[in-house]
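To find a chain, count down the sequence lines: A is the first, B the second, and so on, and within it residues start at 1.
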Amino acid sequence: MQVMKRKVADIDRITNGCSEAFEFSDLMDVQNKLREKVELNFLDFDELETIAGIDVSYIDEEALGIVVLLDRELNLIQVLSHRERVNFPYIPGFLAFREAPVILKCFEQLEKLPDLAVFDGQGIAHPRGLGIASHVGVLLGIPTIGVAKSRLHGYCEQPKQVGEATVLRNERGEKIGYCYMSKPKTKPIIISPGHKCDADSALSIVKRLIKGYKLPEPVRLAHYYSQKLKSGI
DNA sequence: GCGACAG
DNA sequence: ATCTTGTCGC
(Lines give C-alpha, C1' and ligand atoms only; values in the text may rest on other atoms or scores of the structure.)
Protein backbone atom coordinates (compact mmCIF):
# COMPACT_ATOMS: atom_id res chain seq x y z
CA MET A 1 0.00 0.00 0.00
CA GLN A 2 3.04 2.20 0.16
CA VAL A 3 2.82 2.95 -3.51
CA MET A 4 -0.78 3.99 -3.08
CA LYS A 5 0.38 6.59 -0.61
CA ARG A 6 2.30 8.38 -3.27
CA LYS A 7 0.67 11.58 -4.25
CA VAL A 8 -0.46 12.06 -7.79
CA ALA A 9 1.35 15.34 -7.59
CA ASP A 10 4.61 13.46 -7.37
CA ILE A 11 3.95 11.62 -10.59
CA ASP A 12 2.63 14.82 -12.03
CA ARG A 13 5.94 16.52 -11.47
CA ILE A 14 7.62 13.69 -13.30
CA THR A 15 5.17 13.88 -16.18
CA ASN A 16 5.51 17.63 -16.32
CA GLY A 17 1.83 17.98 -15.50
CA CYS A 18 0.05 19.91 -12.82
CA SER A 19 -2.64 17.78 -11.17
CA GLU A 20 -4.17 18.37 -7.78
CA ALA A 21 -2.38 16.85 -4.81
CA PHE A 22 -4.85 13.98 -4.42
CA GLU A 23 -3.68 10.70 -3.05
CA PHE A 24 -4.43 7.41 -4.71
CA SER A 25 -6.38 6.30 -1.68
CA ASP A 26 -8.69 9.28 -2.16
CA LEU A 27 -9.15 8.59 -5.85
CA MET A 28 -9.88 4.96 -5.10
CA ASP A 29 -12.45 6.01 -2.53
CA VAL A 30 -14.20 8.06 -5.20
CA GLN A 31 -14.20 5.08 -7.56
CA ASN A 32 -15.44 2.66 -4.94
CA LYS A 33 -18.23 5.04 -4.03
CA LEU A 34 -19.34 5.56 -7.62
CA ARG A 35 -19.08 1.81 -8.21
CA GLU A 36 -21.94 1.28 -5.79
CA LYS A 37 -24.18 3.28 -8.10
CA VAL A 38 -23.46 1.22 -11.20
CA GLU A 39 -26.53 -0.62 -12.50
CA LEU A 40 -26.24 -3.67 -14.73
CA ASN A 41 -29.47 -4.49 -16.51
CA PHE A 42 -30.76 -5.61 -19.89
CA LEU A 43 -30.61 -2.94 -22.56
CA ASP A 44 -32.49 -3.29 -25.84
CA PHE A 45 -30.84 -1.84 -28.92
CA ASP A 46 -34.21 -1.40 -30.60
CA GLU A 47 -35.27 1.00 -27.87
CA LEU A 48 -32.40 3.36 -28.57
CA GLU A 49 -33.11 6.62 -30.39
CA THR A 50 -29.73 8.28 -30.19
CA ILE A 51 -26.26 6.82 -29.61
CA ALA A 52 -23.11 8.76 -28.78
CA GLY A 53 -19.47 7.91 -29.39
CA ILE A 54 -16.73 9.50 -27.28
CA ASP A 55 -13.02 10.03 -27.84
CA VAL A 56 -10.26 12.32 -26.61
CA SER A 57 -7.07 13.33 -28.42
CA TYR A 58 -4.23 15.50 -27.19
CA ILE A 59 -2.44 18.59 -28.35
CA ASP A 60 0.54 19.23 -26.12
CA GLU A 61 -0.95 20.09 -22.72
CA GLU A 62 -4.51 20.29 -24.01
CA ALA A 63 -7.21 17.67 -24.44
CA LEU A 64 -9.69 17.74 -27.31
CA GLY A 65 -12.89 15.92 -26.40
CA ILE A 66 -15.27 14.70 -29.08
CA VAL A 67 -18.83 13.41 -28.83
CA VAL A 68 -20.53 12.25 -32.02
CA LEU A 69 -24.26 11.76 -31.96
CA LEU A 70 -25.80 9.10 -34.20
CA ASP A 71 -29.34 7.99 -34.83
CA ARG A 72 -30.59 4.41 -34.72
CA GLU A 73 -29.43 3.81 -38.30
CA LEU A 74 -25.99 5.14 -37.33
CA ASN A 75 -26.36 8.30 -39.41
CA LEU A 76 -24.35 11.21 -38.05
CA ILE A 77 -26.56 13.81 -36.37
CA GLN A 78 -23.95 16.13 -34.90
CA VAL A 79 -20.43 16.46 -33.61
CA LEU A 80 -19.66 18.24 -30.35
CA SER A 81 -16.22 19.18 -29.10
CA HIS A 82 -14.43 20.96 -26.33
CA ARG A 83 -10.78 21.77 -25.85
CA GLU A 84 -9.13 22.54 -22.55
CA ARG A 85 -5.91 22.16 -20.65
CA VAL A 86 -5.51 18.78 -18.93
CA ASN A 87 -4.43 18.85 -15.32
CA PHE A 88 -4.15 15.18 -14.59
CA PRO A 89 -1.63 12.57 -15.85
CA TYR A 90 -2.50 9.26 -17.45
CA ILE A 91 -2.36 6.55 -14.83
CA PRO A 92 -3.69 3.06 -15.66
CA GLY A 93 -6.85 2.57 -13.61
CA PHE A 94 -7.51 6.30 -13.25
CA LEU A 95 -8.17 7.37 -16.82
CA ALA A 96 -11.50 8.98 -15.98
CA PHE A 97 -9.86 11.57 -13.75
CA ARG A 98 -7.93 12.74 -16.79
CA GLU A 99 -10.58 12.51 -19.51
CA ALA A 100 -13.98 12.86 -17.85
CA PRO A 101 -13.77 16.67 -17.40
CA VAL A 102 -13.44 17.51 -21.08
CA ILE A 103 -15.97 14.82 -22.01
CA LEU A 104 -18.56 16.26 -19.64
CA LYS A 105 -18.04 19.69 -21.20
CA CYS A 106 -19.06 18.20 -24.54
CA PHE A 107 -22.21 16.65 -23.10
CA GLU A 108 -23.14 19.97 -21.51
CA GLN A 109 -23.63 21.30 -25.01
CA LEU A 110 -26.43 18.82 -25.64
CA GLU A 111 -29.99 19.77 -24.78
CA LYS A 112 -30.92 16.11 -24.51
CA LEU A 113 -28.61 13.31 -23.41
CA PRO A 114 -28.23 10.26 -25.72
CA ASP A 115 -29.89 6.93 -24.94
CA LEU A 116 -26.48 5.26 -24.99
CA ALA A 117 -22.85 6.39 -24.98
CA VAL A 118 -20.01 4.17 -26.19
CA PHE A 119 -16.55 4.88 -24.80
CA ASP A 120 -13.02 4.17 -25.90
CA GLY A 121 -11.93 2.30 -22.77
CA GLN A 122 -13.24 -0.02 -20.08
CA GLY A 123 -16.64 -0.25 -18.44
CA ILE A 124 -16.71 -2.50 -15.36
CA ALA A 125 -13.66 -4.44 -16.59
CA HIS A 126 -11.57 -2.42 -14.19
CA PRO A 127 -9.67 -3.15 -10.93
CA ARG A 128 -12.42 -1.43 -8.91
CA GLY A 129 -15.20 -2.07 -11.39
CA LEU A 130 -15.30 1.53 -12.54
CA GLY A 131 -13.62 2.15 -15.86
CA ILE A 132 -14.23 5.46 -17.65
CA ALA A 133 -17.45 4.21 -19.29
CA SER A 134 -18.95 3.32 -15.91
CA HIS A 135 -17.57 6.45 -14.27
CA VAL A 136 -19.10 8.87 -16.77
CA GLY A 137 -22.21 6.73 -17.09
CA VAL A 138 -22.97 7.12 -13.39
CA LEU A 139 -22.22 10.86 -13.46
CA LEU A 140 -24.58 11.38 -16.40
CA GLY A 141 -27.07 8.74 -15.35
CA ILE A 142 -27.31 7.19 -18.81
CA PRO A 143 -26.53 3.74 -20.29
CA THR A 144 -22.90 3.36 -21.36
CA ILE A 145 -20.64 0.66 -22.82
CA GLY A 146 -16.86 0.47 -22.85
CA VAL A 147 -14.99 -0.75 -25.94
CA ALA A 148 -11.23 -0.98 -25.43
CA LYS A 149 -8.46 -1.88 -27.84
CA SER A 150 -6.61 -3.72 -25.11
CA ARG A 151 -7.21 -5.38 -21.75
CA LEU A 152 -6.80 -3.69 -18.40
CA HIS A 153 -8.44 -6.15 -16.04
CA GLY A 154 -9.73 -9.70 -16.17
CA TYR A 155 -8.82 -12.78 -18.16
CA CYS A 156 -10.26 -14.67 -21.12
CA GLU A 157 -9.48 -17.11 -23.88
CA GLN A 158 -8.32 -15.64 -27.19
CA PRO A 159 -11.06 -15.62 -29.83
CA LYS A 160 -9.82 -17.43 -32.93
CA GLN A 161 -12.65 -16.97 -35.35
CA VAL A 162 -14.09 -13.71 -36.62
CA GLY A 163 -17.35 -13.07 -34.82
CA GLU A 164 -16.28 -15.24 -31.89
CA ALA A 165 -16.61 -13.80 -28.40
CA THR A 166 -15.01 -15.22 -25.27
CA VAL A 167 -16.07 -14.36 -21.76
CA LEU A 168 -13.91 -11.94 -19.80
CA ARG A 169 -13.89 -12.77 -16.09
CA ASN A 170 -12.48 -11.09 -13.03
CA GLU A 171 -10.44 -12.81 -10.31
CA ARG A 172 -13.67 -14.01 -8.70
CA GLY A 173 -14.76 -15.73 -11.87
CA GLU A 174 -17.56 -13.25 -12.49
CA LYS A 175 -18.36 -12.30 -16.07
CA ILE A 176 -17.31 -8.68 -16.58
CA GLY A 177 -17.39 -8.48 -20.34
CA TYR A 178 -16.30 -10.09 -23.59
CA CYS A 179 -13.26 -10.34 -25.80
CA TYR A 180 -14.56 -10.11 -29.36
CA MET A 181 -12.88 -10.52 -32.71
CA SER A 182 -14.76 -7.95 -34.75
CA LYS A 183 -12.66 -8.09 -37.89
CA PRO A 184 -10.44 -10.66 -39.64
CA LYS A 185 -6.77 -10.59 -38.71
CA THR A 186 -7.06 -7.86 -36.11
CA LYS A 187 -6.58 -7.85 -32.37
CA PRO A 188 -9.90 -8.55 -30.64
CA ILE A 189 -11.64 -5.74 -28.77
CA ILE A 190 -12.61 -5.75 -25.11
CA ILE A 191 -16.28 -5.05 -24.49
CA SER A 192 -17.68 -4.39 -21.03
CA PRO A 193 -20.86 -2.76 -19.75
CA GLY A 194 -20.52 0.70 -18.28
CA HIS A 195 -23.83 1.60 -16.67
CA LYS A 196 -27.51 0.65 -17.00
CA CYS A 197 -26.50 -2.25 -19.24
CA ASP A 198 -25.26 -5.82 -18.69
CA ALA A 199 -22.45 -7.77 -20.35
CA ASP A 200 -24.66 -9.68 -22.78
CA SER A 201 -26.54 -6.56 -23.81
CA ALA A 202 -23.23 -4.78 -24.34
CA LEU A 203 -21.95 -7.53 -26.63
CA SER A 204 -25.22 -7.72 -28.55
CA ILE A 205 -25.38 -3.96 -29.03
CA VAL A 206 -21.75 -3.55 -30.02
CA LYS A 207 -22.18 -6.25 -32.66
CA ARG A 208 -24.95 -4.18 -34.20
CA LEU A 209 -22.78 -1.07 -34.10
CA ILE A 210 -19.96 -2.62 -36.12
CA LYS A 211 -20.04 -1.86 -39.83
CA GLY A 212 -17.03 -3.47 -41.46
CA TYR A 213 -14.42 -1.97 -39.20
CA LYS A 214 -12.71 -3.20 -36.06
CA LEU A 215 -14.35 -0.62 -33.85
CA PRO A 216 -18.09 0.12 -33.52
CA GLU A 217 -19.22 3.17 -35.52
CA PRO A 218 -19.75 5.53 -32.58
CA VAL A 219 -16.19 5.13 -31.32
CA ARG A 220 -14.67 4.91 -34.81
CA LEU A 221 -16.30 8.14 -35.91
CA ALA A 222 -15.49 9.92 -32.67
CA HIS A 223 -11.84 9.00 -33.15
CA TYR A 224 -11.98 10.09 -36.78
CA TYR A 225 -13.31 13.55 -35.95
CA SER A 226 -10.99 13.81 -33.00
CA GLN A 227 -8.00 13.46 -35.29
CA LYS A 228 -9.53 15.55 -38.05
CA LEU A 229 -10.37 18.50 -35.83
CA LYS A 230 -6.97 18.37 -34.24
CA SER A 231 -5.17 18.65 -37.57
CA GLY A 232 -7.44 21.44 -38.65
CA ILE A 233 -6.25 23.69 -35.85
C1' DG B 1 10.32 -7.60 -4.81
C1' DC B 2 8.36 -8.34 -9.65
C1' DG B 3 5.15 -7.93 -13.19
C1' DA B 4 0.85 -5.69 -15.15
C1' DC B 5 -0.71 -1.52 -16.64
C1' DA B 6 -7.51 1.40 -20.78
C1' DG B 7 -5.95 6.21 -23.31
C1' DA C 1 -2.46 9.08 -26.27
C1' DT C 2 1.76 10.78 -29.20
C1' DC C 3 6.24 10.95 -32.05
C1' DT C 4 6.16 9.16 -37.68
C1' DT C 5 7.17 6.50 -43.63
C1' DG C 6 7.48 3.04 -45.54
C1' DT C 7 6.41 -1.49 -45.87
C1' DC C 8 5.29 -6.59 -45.22
C1' DG C 9 1.26 -9.45 -45.51
C1' DC C 10 -3.55 -10.83 -46.20
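- Other members of the hydrophobic cluster containing A:Met181, listed by chain and number, are A:Val162; membership follows side-chain contacts under 4.5 Å among ILVMFWY residues, whether direct or relayed.
- At C:dT2, one or more side-chain N or O atoms of A:Gln227 fall inside 4.0 Å of OP1 or OP2 (strictly under the cut-off).
- Helical stems in DNA chain B, defined as runs of 3 or more consecutive Watson-Crick or G-U wobble pairs with donor-acceptor distances under 3.5 Å: none found.
- Contact check of residues 147-160 of chain A against DNA chain B (heavy atom, cut-off under 4.0 Å) returns A:Ala148, A:Lys149, A:Ser150, A:Arg151, A:Leu152.
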Donor-acceptor contacts under 3.5 Å from residues 153-160 of chain A side chains, at least two apart:
unit_1   : atom_1 : unit_2   : atom_2 : d
A:His153 : NE2    : A:Glu171 : OE1    : 3.0

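- Listed by first then second residue, pairs satisfying salt bridge (Lys or Arg N to Asp or Glu O under 4.0 Å) with a partner in residues 210-222 of chain A read A:Glu217-A:Arg220, not counting sequence neighbours.
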Set out, line by line, the N/O atom pairs under 3.5 Å between protein and nucleotides 7-9 of chain C.
none

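- Side-chain contact between A:Leu209 and A:Val118: present, with at least one pair of heavy atoms (C-beta onward) separated by less than 4.5 Å.
- For the pair A:Ile54 CD1 and C:dA1 C1', the interatomic distance rounds to 17 Å; values are reported in whole Å.
- Side-chain contact of A:Glu99 with A:Tyr58: a donor-acceptor pair under 3.5 Å is present, judged by distance alone.
- In this structure, OH of A:Tyr224 is placed 20 Å from C1' of C:dA1, rounded to the nearest angstrom.
- Every residue two or more places apart in sequence or in another chain was checked for a side chain to side chain donor-acceptor pair (under 3.5 Å) with A:Tyr225, and none qualifies.
- Counting 5' to 3', DNA chain B first comes under 4.0 angstrom of a heavy atom of chain A and last does so at the ends given by B:dA4 to B:dG7.
- A:Ile59 has its CD1 atom 12 Å from the C1' atom of C:dA1, to the nearest Å.
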Could you give me the CA-CA distance, side-chain angles and deciding distance for A:Gln78 and A:Leu110, then say whether side-chain contact (heavy atoms from CB on, under 4.5 Å) is met? CA-CA 10 Å; A:Gln78 69 178 129; A:Leu110 286 171; 3.6 Å; yes
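- You'll find the side chain of A:Leu80 stays beyond 4.5 Å of the side chain of A:Leu69, heavy atoms only.
- Counted within 6.0 Å of OH on A:Tyr224, heavy atoms from surrounding residues, nucleotides or ligands total 12 or fewer; the atom is thus considered open.
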Dot-bracket, DNA chain C: Watson-Crick or G-U, under 3.5 angstrom, [ ] crossing, | other strand? ..........
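- Atom CD of A:Glu61 is separated from atom P of C:dA1 by 18 Å (rounded to the nearest Å).
- When heavy atoms are screened at a 4.0 angstrom cut-off, A:Ile132 is found touching base atoms of the nucleic acid.
- Among residues at least two apart or in separate chains, salt bridge (Lys or Arg N to Asp or Glu O under 4.0 Å) pairs with a member in residues 45-60 of chain A are A:Asp46-A:Arg208, A:Glu49-A:Arg72.
- Using a 4.0 Å cut-off between a side-chain N of Lys or Arg and a carboxylate O of Asp or Glu, A:Glu84 and A:Lys105 qualify as a salt bridge.
- In this structure, A:Glu61 pairs ionically with A:Arg85, as a charged nitrogen and a carboxylate oxygen lie closer than 4.0 Å.
- Looking at A:Ile66 and A:Val56, their side chains never come closer than 4.5 Å, going by heavy atoms from C-beta outward.
- Applying the side chain to side chain donor-acceptor pair (under 3.5 Å) definition to pairs two or more places apart or across chains, those involving residues 112-125 of chain A are A:Asp120-A:Lys149.
- For A:Phe97, the ring-ring contact (aromatic ring centres under 6.0 Å, His included) partners are A:Phe88, A:His135, not counting sequence neighbours.
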